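As structure tokens, the structure follows; a few thoughts come after it.
Please read these numbers as outputs of a predicted model, since none were measured by experiment.
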Amino acid sequence: MRLNLAQVCRPQQWKQQLLLTGGTARRSYAFQSGSLNFEVFNRRAKWLQKERAAANVEEGRQADYLKDEVAMRLCERLLDVKRQFPRVLDLGANSCNIARALLRPNPDPESEPPVTDPLATKITELVAAESSHSLLHRDHDHPSLSTTHVPDFKLRRHVLEHDELLPFAPDSFDMVLSSMSMHWINDLPGVLSQINSVLKPDCPFIGAMLGGDTLYELRTSLQLAEQERKGGISPHVSPLADVRDVGGLLQRTGFKMLTVDVEDIVVDYPDMFALMQDLQAMGESNAVLGREMGPIGRDVLLAGDAIYRALHGNEDGSIPATFRIIHMIGWKESPDQTQPLRRGSGQASLKDLLEGQ
């Protein structure tokens with residue numbers, strides 16, 4: 001298997017046949033009140049998927065490449081924050097991928113001068129909160145989570161009874177991190193409000209989640225295969241939030257000084273079956289309520305693999321899978337927080353500055 005985890009921007013090669021499928025699934029939050037009015041995902045099915053993924057330890061560790069990569073990119077944003085964080089929450093910790101990234105030595109070797117101390121030196125206590133006990137404790141004795149080189153850093157695991165209810169007191173954390181878990185949240189506005197509540201004033205939330213056109217190649221290939229073989233389609237890839245929604249949600253839930261950006265991580269696989277096997281080992285299989293139960297038919301899978309190669313395949317015979325990562329940063333409001341100047345109070349014209357160059 002050839003993996004390409006570099007940041008890549010690939011244009012979507014939609015062909016005319018894809019118009020039959022109705023496009024990509026998208027979750028919209030424009031009119032949600034912030035309370036849990038309906039469910040998109042089956043929470044128990046997702047919990048069982050994580051438990052089963054954790055049961056196969058070696059396969060799970062091999063399939064952690066994506067979550068480890070996203071966790072490292074998320075933690076690298078701490079290089080620009082010049083402060084200490086006594087108590088930090090890792091919400092949706094999975095197998096403690098963020099803790100592994102924080103403990104990694106020499107997190108920014110390309111900087112001048114190189115940063116050699118682990119980012120964990122900025123943190124005193126990391127509370128890793130996850131609903132799956134087996135996944136959370138899978139690597140409890142793994143060398144990558146050893147804290148011997150950062151003696152002042154403490155990792156504490158907390159099993160959540162409900163992954164959308166935070167059992168923590170208000171104003172109790174100096175930072176909240178979340179990597180590759182919030183795309184499974186039913187009530188995303190409600191969880192963001194709770195994150196804002198548990199943060200101390202003028203403290204950040206830094207998150208990364210799958211969104212937008214993630215796995216659009218797999219989605220469209222299976223839709224076309226089912227349309228051809230069964231005369232209809234069933235959702236096999238979960239609906240995801242769009243980047244346009246995330247900024248609005250952060251603002252509505254009380255966060256200030258927002259930053260939202262997107263990057264694509266493209267992974268090459270030998271075939272569609274290897275991709276689906278890795279998704280299962282990650283605990284990232286479909287968990288949409290109302291999905292067709294049972295395995296996908298053999299004829300649909302074979303047709304889907306052929307369509308995948310025809311529409312999206314690489315020249316070397318492999319197939320690409322695009323994971324679109326939405327990064328977000330928001331700060332809890334504080335009276336002494338830096339505020340933007342009043343609109344219209346500027347003394348210089350941007351137009352004059354640009355024309356003078």
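- Considering Val150, Leu119, Ile98, Thr121 as possible partners of Leu103, the one that fulfils the side-chain contact (heavy atoms from CB on, under 4.5 Å) test is Val150.
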Starting from the C-alpha separation in whole Å, work towards a yes-or-no answer on side-chain hydrogen bond (donor to acceptor under 3.5 Å, both in side chains) for Asn97 and Ser179.
CA-CA 8 Å; Asn97 305 89; Ser179 177; over 6 Å; no

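- With hydrogens and angles ignored, the 3.5 Å screen pairs a side-chain donor or acceptor of Asp242 with a backbone N or O of Arg244.
- Within the structure, ring pair (Phe, Tyr, Trp, His ring centres under 6.0 Å) pairs that include any residue of residues 78-134 comprise His133-His137 (at least two apart or interchain).
- Tracing side-chain contacts under 4.5 Å through hydrophobic residues (I, L, V, M, F, W, Y), one reaches Phe153 starting from Ile206; they form part of the same cluster.
- Contacts classified as ring pair (Phe, Tyr, Trp, His ring centres under 6.0 Å) and involving residues 188-213 (residues at least two apart or in different chains) are given here: Phe205-Phe255.
- Taken together through direct or relayed side-chain contacts under 4.5 Å among Ile, Leu, Val, Met, Phe, Trp and Tyr, Val81 and Ile329 form part of one hydrophobic cluster.
- Under the salt bridge (charged side-chain N to carboxylate O under 4.0 Å, His left out) criterion, the residue pairs touching residues 147-161 are Glu125-Arg156, with sequence neighbours excluded.
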I would like to know whether Arg100 and Ser95 meet side-chain contact (heavy atoms from CB on, under 4.5 Å); could you show each step before the answer?
CA-CA 9 Å; Arg100 190 175 297 115; Ser95 61; 4.1 Å; yes

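- Side chains of Thr322 and His312 form no contact here, defined as non-hydrogen atoms less than 4.5 Å apart.
- Among residues two or more places apart in sequence or in another chain, the side-chain hydrogen bond (donor to acceptor under 3.5 Å, both in side chains) test is passed with Glu130 by Lys50.
- Val57 has its side chain out of reach of His142: every pair of non-hydrogen atoms, C-beta onward, lies at least 4.5 Å apart.
- Listed by chain and residue number, His158, Leu160 satisfy the side-chain contact (heavy atoms from CB on, under 4.5 Å) test with Pro167 (two or more places apart in sequence, or in another chain).
- Between Pro204 and Asp174, the shortest heavy-atom contact is CD-O, 3.5 Å.
- Side-chain contact check for Arg52 versus Gln280: every heavy-atom pair is 4.5 Å or farther apart.
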Evaluate the criterion side-chain contact (heavy atoms from CB on, under 4.5 Å) for residue pair Leu215 and Leu279; output intermediate values, then yes/no.
CA-CA 11 Å; Leu215 295 177; Leu279 290 175; 3.9 Å; yes

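- For the salt bridge (charged side-chain N to carboxylate O under 4.0 Å, His left out) test, no residue two or more places apart in sequence or in another chain qualifies with Asp90.
- For the residue pair Leu210 and Leu240, the shortest heavy atom distance occurs at O-CD2, 3.9 Å.
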Quiz: residues 296-306 side-chain donor-acceptor pairs under 3.5 angstrom, not counting sequence neighbours:
residue : atom : partner : partner atom : Å
Asp305  : OD1  : Met272  : N            : 3.1
Asp305  : OD2  : Arg309  : NE           : 3.4

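- Here Asp117 contributes atom CG and Asn106 contributes atom CG; the two are 9.5 Å apart, rounded to the nearest 0.5 Å.
- Listed for the Tyr308 side chain is no donor-acceptor partner under 3.5 Å among the backbone atoms of Thr220.
- Listed by chain and residue number, His162, Asp163, Glu164, Asn186 satisfy the side-chain contact (heavy atoms from CB on, under 4.5 Å) test with Arg43 (two or more places apart in sequence, or in another chain).
- Contact record, Ala53 with Ala281: CB-O, 3.4 Å, taken as the closest heavy-atom pair.
- Residues passing the side-chain contact (heavy atoms from CB on, under 4.5 Å) test with Ala208, sequence neighbours excluded: Val70, Leu74, Ile325, His327.
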Dump the intermediate steps for side-chain contact (heavy atoms from CB on, under 4.5 Å) on Lys46 and Ser181, then the final yes or no.
CA-CA 11 Å; Lys46 179 48 56 182; Ser181 63; over 6 Å; no

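- Listed by chain and residue number, Glu284 satisfy the salt bridge (charged side-chain N to carboxylate O under 4.0 Å, His left out) test with Lys67 (two or more places apart in sequence, or in another chain).
- Between Met209 and Leu188, the closest side-chain pair of non-hydrogen atoms falls below 4.5 Å.
- Summarising the geometry of Ala93 relative to Leu136, their closest heavy-atom pair is CB-CD1, 4.1 Å, with the distance given to 0.1 Å.
- A single hydrophobic cluster is not seen to contain both Val159 and Val198; linkage of ILVMFWY side chains at heavy-atom distances under 4.5 Å, directly or through other members, places them apart.
- The pair Arg61-Glu58 meets the salt-bridge criterion, since a charged nitrogen lies less than 4.0 angstrom from a carboxylate oxygen.
- With rounding to the nearest 0.5 angstrom, the CE atom of Met282 is 3.5 Å from the OH atom of Tyr65.
- The OG atom of Ser178 sits 9.0 Å away from the CG atom of Leu192 when rounded to the nearest 0.5 Å.
- For Gln251, the side-chain contact (heavy atoms from CB on, under 4.5 Å) criterion is met by Leu258, not counting sequence neighbours.
- Side-chain contact between Asp264 and Asp213: absent, with no pair of heavy atoms (C-beta onward) separated by less than 4.5 Å.
- The main-chain N or O of Pro189 is found under 3.5 Å from a side-chain atom of Ser193 such that the two form a donor-acceptor pair.
- One N or O on the side chain of Arg87 and one on the backbone of Ser172 form a donor-acceptor pair closer than 3.5 Å.
- Heavy atoms only, all atoms of each residue included: Asp278 and Tyr269 are closest at OD2-CE2, 3.5 Å.
- Judged by distance alone, with hydrogens and angles left aside, the side-chain atoms of Ser134 form no donor-acceptor pair with the main-chain N or O of Glu51 at under 3.5 Å.
- For NE2 of His140, the number of neighbouring non-hydrogen atoms (other residues, nucleotides, ligands) closer than 6.0 Å is 12 at most.
- A side-chain donor-acceptor contact under 3.5 Å links Ser221 to the backbone of Glu217.
- Val88 and Phe173 make their closest contact through C-CD2, 3.7 Å (heavy atoms, listed as atom of the first residue, atom of the second, distance).
- Evaluation of the salt bridge (charged side-chain N to carboxylate O under 4.0 Å, His left out) test over residues 325-337, restricted to residues two or more places apart or in two chains, returns Asp171-Lys332.
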